[in-house]
Structure formats: C-alpha cells, structure tokens
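Written below as structure tokens is the structure these notes are about.
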2 protein chains.
Amino acid sequence: MAGIRDVAKKAGVSTSTVSLVINSSGYVSDKMRARVTAAMEELNYIPNDLAKNLYRGRTNTVGVIMPTLQHPFFATLAGRIQHYLDTQGLHAILCSTADQQTGETQYVDMLQRHTLDAVIMGSHSTLSQEYWESIKRPVVAFDRYLCDFIPTVGGDHITGGRLVAKKLIDTGVQHVVHIGGPRGRYHDRARGEQLLNARELSSRPDSSFPTVRYQLVLEDELHAAGIETNFVTVEDLSDLDLFHKAASAVFDDYSDVDAVVAPDLAAAAVIQEARRRGTRIPEDMQVIAYDGTYVTTFAGQQISAVVQNLDETARRLVVHTMDEIERYEKINRGDGDMAQSVESVSNEHRNYVSVFDTESGVPYRFDAVKLEYVERETTKH
Amino acid sequence: MAGIRDVAKKAGVSTSTVSLVINSSGYVSDKMRARVTAAMEELNYIPNDLAKNLYRGRTNTVGVIMPTLQHPFFATLAGRIQHYLDTQGLHAILCSTADQQTGETQYVDMLQRHTLDAVIMGSHSTLSQEYWESIKRPVVAFDRYLCDFIPTVGGDHITGGRLVAKKLIDTGVQHVVHIGGPRGRYHDRARGEQLLNARELSSRPDSSFPTVRYQLVLEDELHAAGIETNFVTVEDLSDLDLFHKAASAVFDDYSDVDAVVAPDLAAAAVIQEARRRGTRIPEDMQVIAYDGTYVTTFAGQQISAVVQNLDETARRLVVHTMDEIERYEKINRGDGDMAQSVESVSNEHRNYVSVFDTESGVPYRFDAVKLEYVERETTKH
DNA sequence: CTGTTAGCGCATTCAT
DNA sequence: ATGAATGCGCTAACAG
C-alpha cells in the first residue's frame, strides 16, 4: 500500500529523488540514497508497475500463440521462446488456441490495447492478409506467411523434404505413405513451386510456408525416383486419438507399404500398431518421423527423424520480436522510416532472407532455420 | 494514437460520455452513443488498457509457474489452467522454471508490483514458509504445501498409491521397482504418516503433499503383503535422458524384478528397454505408469496407469485463484475479515477439506482430486 | 442524462 | 544534486 510519496515523506525528500534511487539513474548523494532506502525498508515499499507501464506505454509482455501445448513440438517451442524472452527481460503470455473459446483475435486485441508489446503467432490463422496489415503493431510469425509487414521464422522444409526423400530412395523403398494435417488449408498453387530454395520462396509473399511444404517436396522427389506415395490425413491435430486412427489406416488401406513418414506422435502410433500387427521395423517397414521431439525417443523404439531446431527457431523469433518492438517505437516517435531497422538484422542469421518492397518501404522477411536428419532404430542404413 | 479526448472532441461530447459508451455502463442517449461510436470508428480509436489497469489496480493476469513444459503432465495441466482462466476473463503468464534463469521469485515480484493478480505455484519451491506468509497477495499451490495462508489443490496420492498397490498384489508380483524424483526434497518425517487420509493429511500443514506421497503408501502396502520393493531415483526431471538411464538401471540392478511403477516417461522408457532386452510385458513384467498422460498411449504399448484428473485439478485451481483474488480485494477494501470468504468455497468440492486456524483467522485449505486406475496392455488381469 | 474534475502511482523535464 | 510540477490515458464521483 505504501506509495512513492509515503517513502519520500518518511525520508524527507521529494518523490523524484526516490524515483532516482529506485531506478538507480541520475545522481543522488549517498546520504540521500541511504535515507531513502531506509525509508523503503521501513515502509516495506514495493513499486507499482502499473503506473510505470502506463507512463512508458509498455508492459514487457509478449503474447505467444500456439495451437496447443499438448504437442511436445509446440510445448518445447513455447518453452524455448519463454527462455529467450526471459533473457531480454520480457514475459510470455501463453495462448494455446485449442484451449480457448476466444481465438487469436483476443491477443491481437490485447496488442492493440497495449497490454502486449508484441505477438508471436504460431497458430494457423483464418484472418485475412488485410487484417494483419491493419494491425500496425509488432507481430512475428512462426512458419507461416501473414502479410508483407510481418516477418516469419520457420523451418527450411524444402531441405527437410529432401532429407527424407534421399534417405528413402537410398534405402530402396517402393511404397511410401505419409501422414499429415489437412492440406486444404494451404495454398495449393504452391504445389508447383516446391523446388524453390528459401530465397526464392521468400520472394513469394503470396504463398505460405507451413510444415506441409516438406510433403510436397517429398512427393515430387519420390515420384521422380519412381516410388509410389499416398497421403493419410489427420483432420484435427489437437485430437490425439486421430493419430492412432491414422496409424491403423496406413496398414489397413495400403498392404504393401514399406515406409511411413509422419509427425512424431503419428510415427509413435505407427510403431505401436506395427508391433501389434507383427510388422518388424525396420526390416519390413521404414519409419521416419518429422519434427524430432522427445516423443521419437520414448516411443516403442527410437525413431529416425528430421529434427527441427526449436531452440534456434525460438532464438530467432525473439530477435525479430525485439526488432519489431524497436521498429514500431521508432515509428511512433516519428524518427526513422519503416524500412530502416531491417537492415541491421539482416546479417544476424546465416539463412536470413530479406526482400525489400520498395513501394511500401517495408520488407517481408523470411528467416529459415536448417533441419537435420538423425538416423535411429527405425530405418536401415 | 487517438485518445479518449480526441474522440470526445470529435463527437462534441465529454470524455466521460465516451467512457460510458466504451464500457456500456450507465445511461447514454442513443444519439450521443451513435455520435461517439461514429467518432471512434473515424479515428480508429482503441482504448489503452494500461490506464484502465492503473486505475483499477488489476491486470486480469495470473502467473502460472510450472517446472517445465517439456513434460506432457505439466503442459497439459498448464493448458487446462489456461482454459479455465480464460473462461473467467483472465490471462495466463507462463513460467516454466526450467526454461528460466530467474526463478519463481521473479513472478512473486510481479505479483507484488501488481503486474500479476495472482500466482498459481506448480513448481517446487525452496523458499521458506515465512517467505510465503509474508507475500500477502493471492497465491494458490498445486500439489504442495507452502504455508497456512495458501490453499492447495492436489491429487489424492494416498488413494493413488493404494490403487497401484492393490493391483500389484492382486496380480501376484514378488519384486517391485519404482522410479521417481529425488526424495530428499520431501519431508521425511511424513514417512510415518502415509496411511493418513486426505483429511488427516490436510490437518498437518507442516508436511508437503507432493506426488511422491504415493510411493510411501505403495511401499508400505507392498511390504505389508510381503513384496520386495526398490527405488530408482531420477535426479533431474527436466533432463529427459535420465529416464532412459533409470529404465536401464531397473534391469541392470534388479534381475528378478517383475513389476515396475514409474511416472509416464520413465514407464515408456521401461517399455522400450524391455523390448530391447527381450522381456515380455506383461508376461514377464508388469508396468504401471503414474500420471496417465498421453505418453502412456503413445509408448511401445498402451500402458496401464493411475490417471490424474488434470482437467478437474485445473478447474479447482482456478476457482481457488478467483476466491483468493476476491478475498484480498475485500481485505484491501477494509470490509470483511480474512476468514470470511473461505466458507463459501468449502462446499464447492466433494473432497474439499478445510482446517480453520482460529488464531490467524485464515485456514489452510487442501483440495484433493481423486485419482483413477486404468487397465491397459501392460498389466495382467 | 451529460460534463467537469480529480486522481490512479510513478517518471521526468525543468528550474533551483 | 534535488524538488515542484506536469502528464501517461482512463474512470468515477459529483455537479449540473
């Protein structure tokens, strides 16, 4: 309850002196400082950050929007994001859209009302490009394109797809079934672009960059090698039971399948189903997981996987978040134009790709994190 | 950038009228309302919640402290907490202590500085009882005793331990190895109290109520039935590799083990290790997981488990959180004494146990959520 | 029913 | 080096 003025009164100084002591800024004589700290102790004074926030117009809080924490993939990513935000003195408000009635708009709202300094968007959004453009506050996207004004950090799924394809081709499989989320959500016209590299992709802000990309690359490379492929859809990623159903479907619908590529949980379900049906892995069937979270090490056997570097992804997401916050602060202060701060970041990452839009002065930035293939029990050498 | 006064000016009314329109409180004539909303549209006005927060002294934000989001157990719990907080118009700031340099004190700090309305404490705390008592702001604990002023919601691990013991005894096993976190952390004197029921436990605020309790009950009941038991420790729960090491240790150190009880991830590791060593489950060995998250359904085989009702746990945690917030608001308004609001909650839950401390006027409250045993592939009937 | 005004608790110019 | 005054943007008495 004790306020800064109580402390000032008790110490026989003015409020600004107390303020200087609190923030250890400016010059305060040692005597004054001692008296002030003594008064603070006595009154058990604790500064109220709400006032500070109002004055500063910042809360040091970032909204982190993920589909669900149930998936180790997003839980891990969220954890790493929290870690890197913490190193910058920022807090994370977590929103798993699956756990909430109100969707992502609530958080964009908080962003607009200055309850949030920025938003990291990791969920699929049905909102239009125009909507995201109209926000004009710091937003960074994970693995998806929102609009020209919003930078993206995501896995290099082109490489990811190639890694899987190469391994399967080398192993000599004939019929690959891969499992994934509904494809309808994604821009199908991207279908013809799967062999573009990250730089080329990033120059096409009209297409999204979701994980699903690796599937397109995979299919193309396998087809080019004369290998048959089929796709099994998991409609709702937050319904874990569907992964088991998908695993069953693989065996039921494709009797001659000799390789499965699937996100971690689905891959784990396939391992379990294989044991139940007496299918030996990797002798009778190869299994490769896509994502490579700890689920691949706690399944029935250790699963080979294309691993996403979530730590690095989180690090970059936070770097861009800070940049965006700073960029908008500059804009709101009036100095510096919108494109300015981008340059300074562009050398930060090896795979960083910037495409400047000279008309708007604002670039769309795609920051690709490399993926890695790890060989384990479920594939043959 | 547009403020409430800009809107007022544009609409030709006063700021308070605008405020009334925004909060749709009080009476405003339709004409005025129309003009105000029109002005808001034109100016693209968005209220700044920082000012509102300062005035109200609340942020509608609750700190949720968990050891790590890596564990599906805590990730799921955190997700459910977020869900229930959301239904009450509250946001969740997430802190997994494993992901952060700064520990839980940072969040208690935010609580004191009014950045947080309350804190839900799910991590182990090394801080003293006196420390927690001195906070005097809303705190609710998960599965652990902090101090007399702080209510706890936790699983009924007494029942949990009994469920496991009964099953194992019925199955006729001879040598049980169970895996768990380091025991040193927990009050050893609780050792002699393991047969107390929830009510009796709750009347002993000097002991904590961690998950580990089930192990004590388990050991006692098994010993009483003449069954040998051994304990394998996992020193650091956030180091997933240790679960695999523990699983190996079970086989290496105890060749005649015929049953394993372990937290989900460790149980999954045991399943994997058993397959590697040719041990058949459940023919040669029974496995029961404690917690029952989805990990038990994605392991090498479906694992029998004592399931914690995390949804109900989360619900109650949030109920108590709201109660505490309200209680402290009353206290700060001066009306109502500290013990008052507790009564109204005590009938809310079937397993709710209150112990009133007439001296302080504030009870220690322990709210126990029932556990359930689910039979799956890894145990015999 | 609407407008005027006084804070909410702190940070920061400016004088001194 | 220190203090008095002003404002951050909004809310809620109170007066009209």
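Residue numbers begin at 1 in each chain, while the letters A, B, ... track the order of the sequences.
Taking the side chain as every heavy atom from C-beta outward, B:Ile81 and B:Ile120 approach each other to under 4.5 Å. For the pair B:Glu324 and B:Pro151, the minimum side-chain heavy-atom distance is below 4.5 Å. Looking only at side-chain heavy atoms (C-beta outward), B:Trp132 and B:Met121 come within less than 4.5 Å of each other.
OP1 or OP2 of C:dG3 has at least one side-chain nitrogen or oxygen of B:Thr17 nearer than 4.0 Å.
Note: CG (B:Leu50) to P (C:dA11) measures 14 Å, nearest angstrom. Remark: P of C:dC8 and CZ of B:Arg58 are 19 Å apart, rounded to the nearest angstrom. The CZ-C1' distance, from A:Arg33 to D:dT2, rounds to 13 Å in whole Å. Between A:Asp6 atom CG and C:dC8 atom C1' there is a gap of 14 Å when expressed in whole angstrom units. Regarding A:Glu329, its CD atom lies at a distance of 15 Å from the C1' atom of D:dC8, rounded to whole Å. Atom C1' of nucleotide C:dC10 and atom CD1 of A:Ile46 are separated by 15 Å, given to the nearest angstrom. When the P atom of C:dT2 is taken as reference, atom CG of B:Asp30 falls 9 Å away, rounded to whole Å. Summarising the geometry, the separation between OH on A:Tyr27 and P on C:dT13 is reported as 15 Å, rounded to the nearest angstrom.
The terminal axes of the helix from C:dC1-D:dG16 to C:dT16-D:dA1, fitted over 5 pairs per end, subtend an angle of 40° to the nearest 10°.
Between D:dC10, D:dT2, C:dG9, one nucleotide has an atom nearer to the side chain of B:Asn48 than all others, and that is D:dC10. Closest approach to the B:Ser29 side chain among C:dG9, C:dC1, D:dA4 is made by C:dC1 (side chain taken as heavy atoms from C-beta onward).
A donor-acceptor distance shorter than 3.5 angstrom exists from the side chain of B:Arg35 to the backbone of B:Ala11, with no hydrogens or angles considered. Between the side chain of B:Ser19 and the backbone N or O of B:Thr15, no donor-acceptor pair lies under 3.5 Å. When atom types are taken as modelled, the side chain of B:Ser24 and the backbone of B:Val21 share no donor-acceptor pair closer than 3.5 angstrom.
Shown here for B:Ala2 and B:Leu43, the closest heavy-atom pair between the two residues is CB-O, 3.8 Å.
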Where protein sits on nucleotides 11-16 of chain D, one letter per nucleotide: B base, S sugar-phosphate only, - none, heavy atoms under 4.0 Å: BB----
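A salt bridge links B:Arg113 with B:Asp109: the closest approach of a Lys/Arg side-chain nitrogen to an acidic carboxylate oxygen falls below 4.0 angstrom. A salt bridge links B:Glu329 with B:Arg58: the closest approach of a Lys/Arg side-chain nitrogen to an acidic carboxylate oxygen falls below 4.0 angstrom.
Map B:Val28 and A:Val18 each onto its nearest nucleotide of DNA chain C; the residue landing nearer the 5' end is B:Val28.
Among the heavy atoms of the strands lying under 4.0 Å from B:Val13 are primed sugar atoms or P, OP1, OP2 only; no base atom is included.
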